[in-house]
Amino acid sequence: MRAWLSSLSEGGATRSIGLVVALVILCIVGLVTADTFATTGNIRTILTNASVIGVVTVGMTFVIIGGGIDLSVGSLVGLASVWCTTVATQSYGPFVMVLCALLVGLIVGLINGALIAYGRLVPFIVTLGMLIGARGLAQQIANLQTQVVTQQDFNAIADGSFLGIPYLVWMLLGTFAIGWVVLNLTTFGRRTVAVGGNPEAARLAGIDIRLHTALLYGVSGLCAGLAAVMLTAQTASGSSTNGQNYELDAIAAVIIGGTLLTGGRGTLVGTFLGVLVFTLITNLFILNNLSTPVQNLAKGLIILGAVLLQRRRSESAT
Amino acid sequence: MSDVISGPRRGLGRRGFLLGGAAVGATVLAAGCTSNDSGDSKDETNTKAVGGDNAAKGTQVTIGFSAPQADHGWIGAIAKNAEAQAKSFEDVTFEPVEPTNDVAAQIAAIETLITKKVSVLVVLPNDGKQLTATARKAMLAGIPVVNVDRIFDTPLAYRTWIGGDNYGMGVSAGNYIADRLKGKSNPVIAEIAGIDSLPLTQERSQGFKDALAAAGFKVSNRVAAEFTVASGQQVTSNLLQAAPKIDAIWNHDDDQGIGVLAAIRQASRSEFFMVGGAGSLDAMELIKADNSVLKATVTYSPSMASSAISIARLIGQKKGFSDLVENEVPAKITLASATVTKENVDQYTSTGFRS
């Protein structure tokens, strides 16, 4: 119980206090500048906007804590989304579509992992290759066209809600909850931190580093597959452009969430707050009718600021 | 040459004087400008019978083709249209190069086509400015360049330009919306633009703004997306929160429009009407069915790629447009942006494309 509590506080508010402050400030700005900010419709929009990219960041957090990087997630979202609308044609029904998207994500993720762990290749290069290759395959499959989803049961994933909260938001919260439990309360989670922090020590402690690394990329791929299901339902279409730049957004959210790019330390709570900060900024800028360049500038400054803070923190830790 | 131009004017002036009535003279002048048979001055006018033998098989022409990599419906349709049009001619050999979104790769690809000595080049550059020098090189090597859509920096870099009218697209959308909202005071008009950093987006927005201003209206809310379904969905969901009540929306691009419509449906909003952009088949089908907020779209047709191939063939065969008066193909052709509504949609489905 004490271990659970300490992991809760370590993974939670104390380390992410800066982000909580940022969120509060953003909310105050929202309340002051836009009448519609605090409406249920807007809050629902913010959370739904956060949901797809949020699910991707869960897998990314695992990979980065484990000492790697996954640049292929955005392309995987695209590939899995066109797979579930074209190859697993909509006539097979929603179940097959969902299953296919998840499998495509998982399998391609494991291929990444196998090449990195057993092929001894650099994660950056392998996933960069997959970023390009998977996008190409997605374009090939989709024949460069957007496949509109007419299967209404599938679209209900995005259109429906439970207790007034959209399914997409439940999926976001569920993924983070499962991720949190796995990272903080299971052997798999402890091993992830060990492999990322000190691979040699982890190996001597009897951890199969290669298998574990391969599985981490599988987790990331699976998350991308789930995100593809959500995005396909949300846009009612499968497109090879789906998930563009998600790798950058996901890495940014993970980093400002306090996870070290060098691996070995990180929190999902921080990542979640990081995603919310980005989504809130987008929402605030559109509510106030401001332009895209200013929005990008603000996002960039936030990333740089977060990395600076992170460096100071790790210096004070040593 | 100057004789030919001044000839009919002189002739008509003389006749106007002989008839002695200013009003009659003006009528004859107008007739002289538009009609073929203006009596004795017929030999001096620049006229030619409509038709000709352009469709007939001519000398063999090799057309090199380079375009950006297709990542969405419109560009995809560009490549498909070009290929299909080339195949429809017996006397055309089509030489496409690997499509790419990388400027350097496109330069390299075009240079191989120059080395191969194709007869004519058809190029839709990733960035007109950055490809100008390469196109100029082709022209200097004696290979005429047909520039599609994104225009090169100097006319020295192309023999003929054919492309869409981005400003006109904004004007068409603005006029349609202004017309439907006539008499309304301060309507909420929203705009969902494409990629903000592209000149084409800025031109579309300017045309839209100007047309609305002429009717006394303005854009209340504006967001930019990325020409993708997902970005369309995302920015629209936020836009709908920003404006609780909207009268009309113009969405620049029918590809991203699929996402825009999904966001509108998810927010259960229908108090406004929407105008699309580019003229995809998906949009046209929705307009025809008339069961969504989408009531019109303004065209920016990828048929320009088909026309570019036809033009390249004629240039290669040293022919002109047989139903124009000119001996050569014109230097610039700007497509007009039509407003497609439920009433005229059937007329435009032939140039629609799958997004």
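In this text, all values refer to a predicted model and were calculated from it rather than measured experimentally. The chains referred to below are lettered A, B, ... by the order of the sequence lines, with proteins before strands, and numbering in each begins at 1.
Heavy atoms closer than 4.5 Å to chain B are found in the backbone of A:A233, but not in its side chain. For a residue to count as touching a neighbouring chain, one of its non-hydrogen atoms must lie under 4.5 Å from one of that chain's; by this rule A:Q139 touches chain B with the side chain only. With a threshold of 4.5 angstrom between heavy atoms, A:Q244 approaches chain B through side-chain atoms but not through N, CA, C or O. With a threshold of 4.5 angstrom between heavy atoms, A:T232 does not approach chain B through any atom at all. Residue contact with chain A, scored on non-hydrogen atoms closer than 4.5 Å, involves the side chain of B:Q233 exclusively. Looking at B:S231, neither its backbone nor its side chain comes within 4.5 Å of chain A, counting heavy atoms on both sides. Residue contact with chain A, scored on non-hydrogen atoms closer than 4.5 Å, is absent for B:V260.
Listed for the B:Q266 side chain is no donor-acceptor partner under 3.5 Å among the backbone atoms of A:A158.
Counting heavy atoms from C-beta on, the side chains of A:T36 and B:P244 come closer than 4.5 Å.
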Exercise for the section: Please report the C-alpha distance between B:S237 and A:T48 in whole Å, then the side-chain angles of each, then the deciding distance to 0.1 Å, and finally whether the side-chain contact (heavy atoms from CB on, under 4.5 Å) criterion is met. Expected result: CA-CA 9 Å; B:S237 66; A:T48 318; over 6 Å; no
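With rounding to the nearest 0.5 Å, the separation of CG in A:D159 from CZ in B:R265 is 4.5 Å.
Note on B:Q234, B:R222, B:Q69, B:E226: by heavy-atom pairs under 4.5 Å with chain A, the leading option is B:Q234. Among the candidates A:N245, A:T282, A:T241, the residue making the largest number of heavy-atom pairs closer than 4.5 Å to chain B is A:T241. Ranked by heavy-atom pairs under 4.5 Å with chain A, the list B:A224, B:S280, B:A262 is led by B:A262.
No more than 12 heavy atoms of other residues, nucleotides or ligands lie within 6.0 Å of CD in B:E98, so this atom counts as exposed by the packing criterion. Within a 6.0 Å sphere centred on NZ of B:K80, other residues, nucleotides and ligands contribute more than 12 heavy atoms. Crowding of B:E285 atom CD: a count of heavy atoms from other residues, nucleotides or ligands under 6.0 Å exceeding 12. Environment of CG in B:N101: crowded, with over 12 heavy atoms of neighbouring residues, nucleotides or ligands closer than 6.0 Å.
Looking at A:N283, A:L284, A:L287 one by one, the single match for side-chain contact (heavy atoms from CB on, under 4.5 Å) with B:N238 turns out to be A:N283. Each of A:T235, A:T146, A:V149 was compared with B:I258 under the side-chain contact (heavy atoms from CB on, under 4.5 Å) criterion, and only A:T146 meets it.
When all heavy atoms are compared, the tightest approach of A:N289 to B:S220 is ND2-O, 2.6 Å.
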